[in-house]
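Fair warning: this is a prediction, and the values are worked out from it, not measured in the lab.
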Amino acid sequence: MQENGRIEIRGFLKLDSFIKKKFGTMPYFLEMDNSISGGDLAKLLGIEREDIEVIFVNGFVEGLDFMIKKGDRVAFLPPGCPGPYRIALGFYGKNQDNPANFKIQKKDAATDS
Amino acid sequence: MHKFIRIDMTSLKADIGKVPEKYVGLGGRALTSNFVNYEVKPTCHPLGKNNKLIFAPGLLSGTNAPNSGRLSVGAKSPLTGGIKECNTGGSSSQMLAKMGIKAVIIEGMPKDNQFYVIKIGLNEVSIDKAPAEILGGCGNYEAIRLLGKKYGEHVGIAIAGPAGEYRLPSANISFKDPEGNIRSAGRGGLGAVMGSKKVKAIIIDETGADKVPIAKPEAFSAASKVFAKALMDHPVAGQGLAAYGTDVLVNIINEAGGLPANNFTSGRIKHNDNISGETMNATITERGGDGKVSHGCHRGCIIRCSQWYADKQGKYITSGFEYETIWGLGADAGIESLDDIAYIDRAMDDMGVDSIEVAVAVAVAMEGGLIPWGDGKAVLQLVKDMAKPTPLARIIAGGAGIVGQLCGLYRVPVVKNQAIPAYDPRAIKGIGLTYATTPMGADHTAGYCISGNILKIGANLDPLDKKGQIEYSRAMQIGTAAVDSTGMCLFVYFGIADNPGGYQALVDMINAQYGINLTSKDVDALGASVLKAERDFNKKAGFTNAHDRLPEFMEYEAIAPHNVVWDFSPEEIDEVMNF
Ligand code: SF4
């Protein structure tokens, strides 16, 4: 995982073909000198904010403000992960401020406790 | 008036009676599990005359509620020795419900070796000798075609494949979908129970059936709209499943380090791109022909997670190509070609075996030296050999537990002798608690849904940390047992698992259909009572808390990339079912 000075980048769901088309390879390796937040890295790559619910950094689910260092393995995950796994993998602790989070409280249907 | 149909295979007679008082108001899993607990001798041999096989549509089946066509099947399992409920799509559940049939029960067994086909019409049941050409190794695809020719293309069909005829522990019951392809009530060997009763197939002919009566049609239609909206609003429906199928999970679970690989010795693979849902989507699109990225396995499905996967010439290979099958063969057994996996998936459907049990058994056999690692062609031949069956094919179809025993291995990923599916419990701990404690044996679908305040339960969950996982597993199992009784397709959970509004709409539909006033708490109580009935049966069958444990190797073999072991104590595990 500790590639010198590089961040190892993947995208899933629609971002899979996005990264393959734009950068010609998956994973895509980006040379970096400094740390960068998940949100800024997305911007750099041309990934829309609304297309990311959470990111994985070295196998851990993180929010977009998480700081990524060189040598890290990062994956961008758009909305669309099945519900039980969103809970089991811990999305809820990380995505509450993210507009791409599926916000059950705001849905018309959300009536229960 | 609902009908309760009992078919006695000893006397070859059928009785169409009223629903016994104690089963009124139950459907799906609530009905099958309470029935098995009341009526099946817990210590019976699963393949002997005292086991009973029950088919029950869910409470909402037959209505126009989206995705409500699921059928529950129950019996004592020949694989686990405990209670089993599994469920399936296809057309049969909606047909039975429209015919007013609450349950079909098959009991007893004939003394001779003759196989039969049972035909269920609106007001009669007939039991015919099975045609010779569908017996003795005939695959399910051909058998369904021949039965369709004989009984009409419009009928629903449930069939025990060759593995069921040979009473192999991984045999499933296969169901015809609207296009004549196959859906399965997969786990726990219920196809072997059907085979033991010498029932090759059940034909369901709904000719003359009316609509399902609805007590409050307007309220039903309003709730149904809210439910449909809840499903479609969840990004999983539009952006996840319809495009990539359940195989969307390969990349996600792999990235989380919870994708069991090479017989559960690692949590991550390098060839995920070969077998991912994203690659499947791109391949289907590129090849064209019969391939379809998205397809519904029964009328009324609005999620359409299924797909038709075609070969390089565009010719159909398989449909309903699920994440768990692709994980089992692709990651656990290391087969790197999605085409090889698709042909094996088709062969497993054709033989009528549980694709999870067989895939995990294959990986254990690879570790045991019986099959070369990653050899898709060898595995395909082995599965085809289940039609005979050759001795090795018979052993593999015996399931992961027996293969591990015969190979002299300690690393055997089973709970209650049922293979652990596609999520490693060391890296995704909440699912591990569900594997350990569900009465079904290791089953990911036992913990899919939740009611109430998801933020309270989900907010601080970290997959690698024990905190909150006991409450999570308990809530998921109770919610799932309740929803399993409604007849909803399993995958509505993907949309409503984390949406209490969707869950409430489901309850409202049940109320409107039956003219009752359940609250979501009542439905939770139903879920809890189902789990209690199931545990009660298992206890009487000889199960104790000591059976609610993961395989010991997970306690001392850490997996990459997170380098984690299974670290729940027995006392902590037992807390899950303490409610
Ligand atoms: S979501 Fe998938 S499994 Fe469920 S009914 Fe639709 S196609 Fe069938």
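- Nearest approach of A/Pro82 to B/Leu249, heavy atoms of both residues: CD-CD2, 4.0 Å.
- Taken to the nearest 0.5 Å, the OG atom of B/Ser276 stands 11.5 Å off from the CZ atom of A/Arg10.
- Between chain B and the options A/Gly90, A/Ala88, A/Ser17, the largest number of non-hydrogen pairs under 4.5 Å is found for A/Ala88.
- Of the atoms belonging to A/Lys20, it is side-chain heavy atoms, and not backbone ones, that fall under 4.5 Å from chain B.
- The shortest heavy-atom contact between A/Leu13 and B/Gly240 is CD2-CA, 4.0 Å.
- When all heavy atoms of B/Tyr472 and A/Ile87 are compared, the closest pair comes out as CE1-CG2, 3.5 Å.
- For B/Tyr423 and A/Tyr85, the ring centers sit closer than 6.0 Å to each other.
- The 12-atom threshold is exceeded at NZ of B/Lys466, counting heavy atoms of other residues, nucleotides or ligands nearer than 6.0 Å.
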Mind running side chain to side chain contact (heavy atoms under 4.5 Å, CB included) on B/His234 and A/Arg86 for me, showing each step along the way? CA-CA 12 Å; B/His234 197 294; A/Arg86 296 172 75 248; 4.0 Å; yes
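- Residues A/Phe56 and B/Ile252 approach most closely at CZ-O, 3.8 Å, considering heavy atoms.
- Only the side chain of A/Leu77 comes within less than 4.5 Å of a heavy atom of chain B; its backbone N, CA, C and O stay farther away.
- B/Thr438 pairs by the side-chain hydrogen bond (donor to acceptor under 3.5 Å, both in side chains) definition with nothing, not counting sequence neighbours.
- B/Asn281 does not touch chain A: none of its heavy atoms, backbone or side chain, sits under 4.5 Å away.
- Heavy atoms only, all atoms of each residue included: B/Val236 and A/Gly80 are closest at CG2-O, 3.5 Å.
- With a 4.5 angstrom heavy-atom cutoff, B/Ala256 touches chain A via backbone and side-chain atoms both.
- Counting all heavy atoms, side chain and backbone alike, A/Asn58 lies closest to B/Arg268 at C-NH2, 4.4 Å.
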Side-chain donor/acceptor pairs under 3.5 Å, residues 32-44 of chain A, sequence neighbours excluded:
residue	atom	partner	partner atom	Å
A/Ser37	OG	A/Asp40	N	3.1
A/Ser37	OG	A/Asp40	OD2	3.4

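- Within the 4.5 angstrom heavy-atom criterion, atoms from both the backbone and the side chain of B/Asn251 approach chain A.
- Around atom NZ of B/Lys225, no more than 12 heavy atoms belonging to other residues, nucleotides or ligands sit under 6.0 Å away.
- In terms of heavy-atom pairs under 4.5 Å with chain A, the best-connected choice from B/Ile253, B/Thr246, B/Asp462, B/Asp273 is B/Asp273.
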